[in-house]
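Given the structure is predicted, the values throughout are model-derived calculations rather than measurements.
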Amino acid sequence: MFTKGQWVFGVLFAIAFIVALIYAYRKDIKLHDKYYKGSLWILIAFISFILFIVTIKWLFQ
């Protein structure tokens, strides 16, 4: 389905993309700590709400 060249390109692209993401995150880590403090609690609340909805749906099927 894919040629060997396409596989090589895909793997190299994925590696380069992941390295770029890590570099960008490391560069901005101080800003993340400053501006997004407490955002973990928002994520936990959102996931809990989704799980609550799924549980209600599963219970009333």
Per-pair distances, 0.1 Å, donor-acceptor, side chain in residues 1-28, under 3.5 Å, sequence neighbours excluded:
unit_1: T3; atom_1: OG1; unit_2: Q6; atom_2: N; d: 3.3
unit_1: Q6; atom_1: OE1; unit_2: T3; atom_2: N; d: 3.0

For residues 35-53, tabulate all N or O donor-acceptor pairs below 3.5 Å that involve a side-chain atom, not counting sequence neighbours.
unit_1: S39; atom_1: OG; unit_2: Y36; atom_2: O; d: 2.9
unit_1: S48; atom_1: OG; unit_2: I44; atom_2: O; d: 2.8

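Put simply, OG1 on T55 and NZ on K57 are 12.0 Å apart, with the number rounded to the nearest 0.5 Å.
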